[in-house]
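Not measured: the values here are computed from a predicted model. Below, read A as the first sequence line, B as the second, and so on, with proteins coming before strands; counting in each chain starts at 1.
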Number of protein chains: 2
Amino acid sequence: MTQVRQTKRTTIYDLAELAGTSASAVSAVLNGNWKKRRISSQLAEKIMRIAEEQGYALNMQASLLRREKSHIIGMIVPKYDNRYFGSIVELFEDMARARGLFPIITCTRRDPELEVEAARTLLSYQVECLIATGATDPDRITEMCAAAGVRSLNLDLPGALAPSVISDNFAGSRELTRRILLNCERRLGRKESLLFIGGRGSDHNTSERIRGFREAHTELGVAVQEENILTCGYAPEKAEKALDDLALRGNAPAKGMFVNSTISLEGVMRWIRRSGHLDDRNLVLGCFDWDPFVTLLGNGIEMVRQDVPGMLKKVFEIIESGSNKPVVIQVPPLIPDAQNI
Amino acid sequence: MTQVRQTKRTTIYDLAELAGTSASAVSAVLNGNWKKRRISSQLAEKIMRIAEEQGYALNMQASLLRREKSHIIGMIVPKYDNRYFGSIVELFEDMARARGLFPIITCTRRDPELEVEAARTLLSYQVECLIATGATDPDRITEMCAAAGVRSLNLDLPGALAPSVISDNFAGSRELTRRILLNCERRLGRKESLLFIGGRGSDHNTSERIRGFREAHTELGVAVQEENILTCGYAPEKAEKALDDLALRGNAPAKGMFVNSTISLEGVMRWIRRSGHLDDRNLVLGCFDWDPFVTLLGNGIEMVRQDVPGMLKKVFEIIESGSNKPVVIQVPPLIPDAQNI
DNA sequence: AATTCTTGCTTCATCGATTGAGCAAGCGTG
DNA sequence: CACGCTTGCTCAATCGATGAAGCAAGAATT
């Protein structure tokens with residue numbers, strides 16, 4: 001019961017002894033190329049039976065040390081707290097396994113230090129390829145990988161040194177902004193300058209989304225109010241605080257809002273409920289990201305759903321093509337039909 | 001640029017040659033116990049400088065093969081599509097790293113085959129301990145681990161052969177049911193038999209929650225209607241379909257519902273909106289699980305939030321204690337204050 | 001001056017799986 | 001019956017890091 005370490009784990013040498021054969025034969029049988037190595041099916045069956053009986057499990061470390069390819073693919077991901085990253089991780093694992101790769105994923109909480117640390121660790125595990133998802137400094141990671149002779153790709157946020165697969169943030173944002181403005185007109189009687197909230201001004205996605213936001217305003221003949229662009233970060237509390245600050249500065253909060261992530265939307269919704277500044281039936285909201293419950297919130301919130309399967313398909317295409325060219329592939333997000341009012 | 005495989009990765013032998021010393025010295029310096037091995041700080045600095053310059057990265061496979069302990073801790077998890085499992089994974093990674101362990105997590109989509117496959121793979125990676133989260137057949141996994149001399153623990157769903165850390169489903173459910181019943185009385189004028197929907201009848205958590213559900217009904221003098229217990233699985237579509245079927249059987253859907261997960265709640269909410277059978281202002285809902293947007297749904301949905309930090313704290317306590325006794329630790333879930341009506 | 005101690009390294013076996021090379025036995029062919 | 005060919009295996013080097021054991025040179029002690 002309290003045995004600290006039971007009898008050492010079974011190795012191919014143990015099996016060889018039990019089967020009265022050599023470790024070499026055991027290895028060949030267990031990794032499936034015993035036909036190539038001309039092992040008789042009699043011996044093969046015997047070895048497999050004994051392995052089964054002994055509950056043999058391969059020592060991957062030993063196996064990988066010897067083999068030239070690890071078949072491990074690594075991914076770093078910022079958070080697990082929303083549907084976007086959750087579905088990326090889930091589908092990535094699936095697609096990796098379908099290709100005979102073993103996925104190792106690690107979460108870095110948007111912390112640049114942890115990102116580098118995690119990348120270094122994954123490299124130690126001999127990943128063949130590293131996907132940096134939503135990394136704060138993707139090029140740093142690409143450089144580390146390059147030094148180790150390992151391929152890397154960026155997902156969600158682009159870098160300058162490796163291929164990147166991202167959403168078409170500009171087009172998605174422009175369309176989302178259009179819809180919010182039109183909803184304003186329909187529900188409030190007139191289009192008015194929207195509030196933009198969430199994200200980091202320094203990140204590519206946010207700045208592209210702001211560009212789309214401006215473009216849609218221009219197209220529809222609405223002037224953007226600069227003080228209404230609040231790139232306060234992603235955390236819910238930051239969005240709440242940004243709205244508080246805006247109110248403190250004496251600005252009437254806009255009735256239409258472009259929220260830059262579901263996580264920021266949490267903060268926005270809390271602020272709306274708490275502050276009582278706005279009756280949320282008069283609010284016109286849109287969110288760049290998707291969550292099933294948001295649909296049900298009943299404010300007719302428009303959402304842009306990033307095309308995760310489409311993006312991962314591209315990622316694996318690039319991996320399989322072997323290309324390292326630092327292109328940026330933009331995948332159009334899905335914009336569901338207009339919500340219930 | 002297009003070099004398929006750049007010059008082999010740098011090893012300690014390369015560094016030794018560059019530094020004019022032995023691989024052994026390089027190893028000692030780089031893994032930090034060079035003082036113990038009496039390497040001069042001069043040489044140590046030189047080696048570290050060269051390692052830095054060459055972008056050396058340890059080959060973990062080689063290192064692990066030689067060392068006795070892997071410091072790898074594995075976890076299998078069913079899904080990433082809700083806050084509960086998302087926070088388990090995120091916090092688990094954090095706590096593992098804080099203890100000097102390297103976490104490898106893999107998602108099994110509630111597929112028993114994949115669970116076994118994943119466990120086998122993690123064992124190959126020489127995990128020192130494997131946490132089976134919400135596993136459909138935890139004992140099978142414990143047996144596999146035991147055969148390899150590896151510790152295992154169950155999280156979220158209990159097993160009979162290894163220590164298990166789970167929520168106190170019975171007490172949580174009883175309290176949640178009470179609250180829903182009392183909300184019924186307050187809002188509809190009278191307590192009436194609730195609908196129970198979601199989960200698998202065969203899983204321990206669901207049956208314990210049903211027990212608490214019954215108990216609360218009894219305490220409050222309400223009879224449970226057996227046909228109102230719908231353990232239809234977790235997926236949203238299954239909950240939708242179960243409600244459709246119930247309606248087809250001619251039963252008026254209850255006005256009060258106990259929903260067994262946020263994922264089932266998605267289906268329930270969709271059905272409510274779609275079917276129009278019930279005006280959702282007259283609906284009294286409770287959900288065994290937590291999601292920030294559900295709070296904002298505005299139906300005054302009661303939620304039970306499972307105490308993820310509390311559960312993981314227990315998990316690591318058990319790991320550190322070294323105990324293998326198949327106890328079941330029940331962690332009380334958090335029941336937030338009553339929601340806005 | 002002879003002995004022991006200390007310092008600062010190097011040598012080498014080892015972890016477990018893989019695989020090219022090699023070998024012995026049996027078979028077929030001329 | 002001598003030759004090559006096939007079959008069915010074994011041998012031994014190897015992957016890269018680790019650490020016990022050992023060794024040489026200088027310092028300290030008797």
Working to the nearest 0.5 angstrom, can you tell me the gap between A/Thr10 OG1 and A/Tyr56 OH? 9.0 Å
Between the base of C/dT7 and the side chain of B/Arg37, is there a donor-acceptor distance below 3.5 Å? no
From C-beta outward on A/Arg66, which listed nucleotide comes closest to its side chain: C/dC9, D/dA17, D/dT14? D/dT14
Should A/Thr11 be listed as having a side-chain N or O under 4.0 Å from OP1 or OP2 of C/dG16? no
Step by step, work out the ring-ring contact (aromatic ring centres under 6.0 Å, His included) result for B/Tyr80 and A/Tyr80. CA-CA 7 Å; B/Tyr80 290 113; A/Tyr80 289 113; 5.4 Å; yes
NA contact type, A/Leu43, heavy-atom cut-off 4.0 Å: base, sugar-phosphate, or nothing? sugar-phosphate
Proximity to the side chain of B/Ile39 - top-ranked nucleotide from C/dC9, D/dG16, C/dG16: C/dC9
Over how many whole Å does the gap from B/Arg38 atom CZ to C/dT10 atom P extend? 13 Å
What's the CH2-P distance between A/Trp34 and D/dG8, to the nearest Å? 10 Å
The residue, B/Leu65 or A/Ala25, whose nearest nucleotide of DNA chain D is more 5′ is A/Ala25
Nearest-Å distance for atom pair CG/P, residues A/Leu30 and C/dG16: 15 Å
So if I apply the side-chain contact (heavy atoms from CB on, under 4.5 Å) rule between A/Ile131 and each of A/Ile319, A/Ile76, A/Asn154, which one comes out positive? A/Ile319
Take the protein atom CE of B/Met60 and the nucleotide atom P of C/dG16, then report the distance between them rounded to whole Å. 18 Å
Side chain of A/Ser24 only, please: which of C/dT10, C/dG22, C/dT19 is the nearest? C/dT19
Roughly how many Å is it from NE2 in B/His71 to P in D/dA17, rounded to a whole number? 17 Å
Just by distance, no angles: are the side chains of B/Ser124 and B/Arg120 close enough, under 3.5 Å, to form a donor-acceptor pair? no
For D/dA17, does either OP1 or OP2 sit under 4.0 Å from a side-chain N or O belonging to B/Tyr56? yes
Of B/Tyr13 and A/Ser27, the one whose nearest nucleotide on DNA chain C sits closer to the 5' end is B/Tyr13
Picking from D/dA17, C/dG16, D/dG19, the nucleotide nearest the side-chain atoms of B/Ser63 would be D/dA17
Divergence of helical axes at both termini of the helix from C/dA1-D/dT30 to C/dG30-D/dC1 - five pairs an end, 10° steps: 60°
Heavy-atom count around B/Glu320 CD within 6.0 Å, excluding the residue itself: above 12? yes
Whether A/Arg99 engages the ring of A/Phe316 as a cation-pi pair (distance to the six-membered ring centre under 6.0 angstrom, angle to the ring normal within 45°) should be assessed. yes
With the side chain defined as heavy atoms from C-beta on, A/Asn31 is closest, among D/dA17, C/dT18, C/dC9, to C/dT18
Distance, rounded to the nearest Å, where B/Glu45 contributes CD and C/dC9 contributes P: 13 Å
Are B/Arg97 and B/Phe102 in a cation-pi contact, defined as NZ or CZ under 6.0 Å from the six-membered ring centre and within 45° of the axis? no
A/Asn59 CG - D/dC15 C1' separation (whole Å): 13 Å
Separation of D/dT10 P from A/Leu15 CG (nearest whole Å): 14 Å
Output, in order, the C-alpha distance, side-chain angles, deciding distance and verdict of side-chain contact (heavy atoms from CB on, under 4.5 Å) for B/Val150 and B/Val127. CA-CA 7 Å; B/Val150 168; B/Val127 293; 4.2 Å; yes
With a 4.0 Å cutoff (strictly under), does any side-chain N or O of B/Ser40 reach OP1 or OP2 of C/dC9? yes
